[in-house]
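Just so we're on the same page: letters track the sequence lines, and every chain starts at 1.
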There are 2 protein chains.
Amino acid sequence: MSKPNDFSIRCQNCSFNHLCIPVALNQTEMQSLDEIIERKRPLHKNDQLTIPGQKFTSLFAVRTGSFKSYITSPDGEQQITGFHFPGDVVGFDGLYSEKYQSYTQAMETSMVCELPYDKLDTMSAQLPTLRKEMLKIMSTEINQDHSLMMLLNKRTAEERLAHFLINLSDRFKSRGFSPAEFNLTMTRNEIGNHLGLTVETVSRLLTRFQKEQIIKVDGKNIQIQSIEILREKLGEHVANKKACG
Amino acid sequence: MSKPNDFSIRCQNCSFNHLCIPVALNQTEMQSLDEIIERKRPLHKNDQLTIPGQKFTSLFAVRTGSFKSYITSPDGEQQITGFHFPGDVVGFDGLYSEKYQSYTQAMETSMVCELPYDKLDTMSAQLPTLRKEMLKIMSTEINQDHSLMMLLNKRTAEERLAHFLINLSDRFKSRGFSPAEFNLTMTRNEIGNHLGLTVETVSRLLTRFQKEQIIKVDGKNIQIQSIEILREKLGEHVANKKACG
DNA sequence: CGTAACTTTGATTCAATTCAAAGCCCGTGG
DNA sequence: CCACGGGCTTTGAATTGAATCAAAGTTACG
């Protein structure tokens, strides 16, 4: 399929292998995994990696760039379910019904590793660590979605955006990028869509955070001046434990 | 562990096996699964099946009764992430980090089948269908969470409650219960918590739906008089496709 | 360098929350 | 058997956070 010459980077040297499927594998296992991976040529901005209804064949690990995933409702409404950066694995939604359920779209020029599912499955019969790792990644996704549910149901606009910025910062940090300065590859509209806010609200909040000296905003560029104050914004609710248990 | 005499029902005779893990298994495979399952004695109302931090050992299939799952934030806020009925499998959140991440609490006297994870895993090495089925169930959960995200971000209170009632109706139907009349095992407060609404809003909407002759409410008992009108409530938005793709 | 897409800012509106107060239901114990 | 109390539900009135509506700015790139 892919020519190993052109885009050949091996899991062994990949700077994101500590975040990706290889994390739990030993050298030999990683070698096996590496052999089934197909390196795809670059995707350009707005290219679709998966679309709903398309036959599920592979999972994809983001190698460079960034993606957004979104679903649509019958009436055309869109909901961005997540943003993906190097090391993230996408496509699990397709396991249900053998068809991808969401769009996965490149937000900039990006590269992915394609992991053909049938080969992964065969391998996982032999490798308990791989089997476990796949379940673990899905479990992580479920837990993240549950946290987001709490965020959307119980938090104010300000708290949501603070959470979003902290989350980005943490993710960039774990990838070896600066946690204090980064570029938003997504638009204000996309941030709002994901967080259940309007563009205007996102814009106003960024401006407000800047006035409060918490961040510096220059277009797509964000500098976090005080991650502490940002974190404080999350927990400022009074604990008014509602009946539930 | 469990005495096979007391609560012995086998997957083969279980009326929910078409909704549960056995769905994809043949007779022999179902037999093997059946052998690793431990039948737990009944849980009573408010008993916790899992709590966050507890070591992950098993998945649980609901056999009778109903459960709610919820997570909590540091400040004590709670978020109900889902309700579970017979045939549903819970506990996948524990695969990440080997610890359960959420509470799973019985909303009434209930029974579950316990599926020890290490045994399931060993089995799944041999049985591709089982391997696939587990991933599929998790994938379904991810997709449901994504739909809920859309519901919470883009829909009005009325649409959320309509969706909730239709969802319950559909689930009861697939379990062989009446889709037109059922009892809510959860309180108004719990419905609101899950849907991102207050008790008062839920109550007002149920009253309004009743006045509109869509449902009949009598305490916990719900009769759906017109599922069609209820469904219409979902799609009444004008398709004002926002920029996203 | 023109134009379409994105962002910001301001004014106004509104759906749902919050606050407040009954009412109801059901289990429990006298 | 009935009175009591706590939890749940309903209803109403007032409030508000974020949406909507409107209109400039700004950016990017073909």
Less than 4.0 angstrom from a charged side-chain N to a carboxylate O is my criterion; do [X] and [Y] meet it?
{"X": "Lys40(B)", "Y": "Glu114(B)", "value": "yes"}
{"X": "Glu158(A)", "Y": "Arg204(A)", "value": "no"}
{"X": "Asp88(A)", "Y": "Arg63(A)", "value": "no"}

Strand contacts (DNA chain C) in residues 200-213 of chain B, 4.0 angstrom heavy-atom criterion: Glu200(B), Thr201(B), Arg204(B)
Value in whole Å for how far the [atom2] atom of [N] lies from [atom1] of [X]:
{"X": "Arg188(A)", "N": "dA19(D)", "atom1": "CZ", "atom2": "P", "answer": "16 Å"}
{"X": "Asn46(A)", "N": "dC29(D)", "atom1": "CG", "atom2": "P", "answer": "11 Å"}
{"X": "Glu77(B)", "N": "dT17(C)", "atom1": "CD", "atom2": "P", "answer": "13 Å"}
{"X": "Asn183(B)", "N": "dT9(D)", "atom1": "CG", "atom2": "P", "answer": "13 Å"}
{"X": "Arg155(B)", "N": "dA15(C)", "atom1": "CZ", "atom2": "P", "answer": "16 Å"}
{"X": "Glu190(A)", "N": "dT7(C)", "atom1": "CD", "atom2": "C1'", "answer": "13 Å"}
{"X": "Asp218(B)", "N": "dC25(C)", "atom1": "CG", "atom2": "P", "answer": "8 Å"}
{"X": "Leu161(A)", "N": "dT8(C)", "atom1": "CG", "atom2": "P", "answer": "11 Å"}

Non-hydrogen side-chain atoms of Lys233(A) and Ile214(A) separated by less than 4.5 Å: yes
Sugar-phosphate only, base, or nothing, as touched by Gly196(B) at under 4.0 Å among non-hydrogen atoms: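 Sugar-phosphate, backbone atoms only, no base.
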Sugar-phosphate only, base, or nothing, as touched by Lys220(B) at under 4.0 Å among non-hydrogen atoms: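 Sugar-phosphate contact only.
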Pairing residues for Glu181(A) by the salt bridge (charged side-chain N to carboxylate O under 4.0 Å, His left out) criterion, not counting sequence neighbours: none
side-chain N/O Thr198(A) vs dA19(D) OP1/OP2, d < 4.0 Å: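 Yes, such a contact exists.
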Distance-only side-chain donor-acceptor flag, Thr201(B) / Arg188(B), under 3.5 Å: no
Side-chain donor-acceptor contact under 3.5 Å, Gln79(B) with Asn153(A): yes
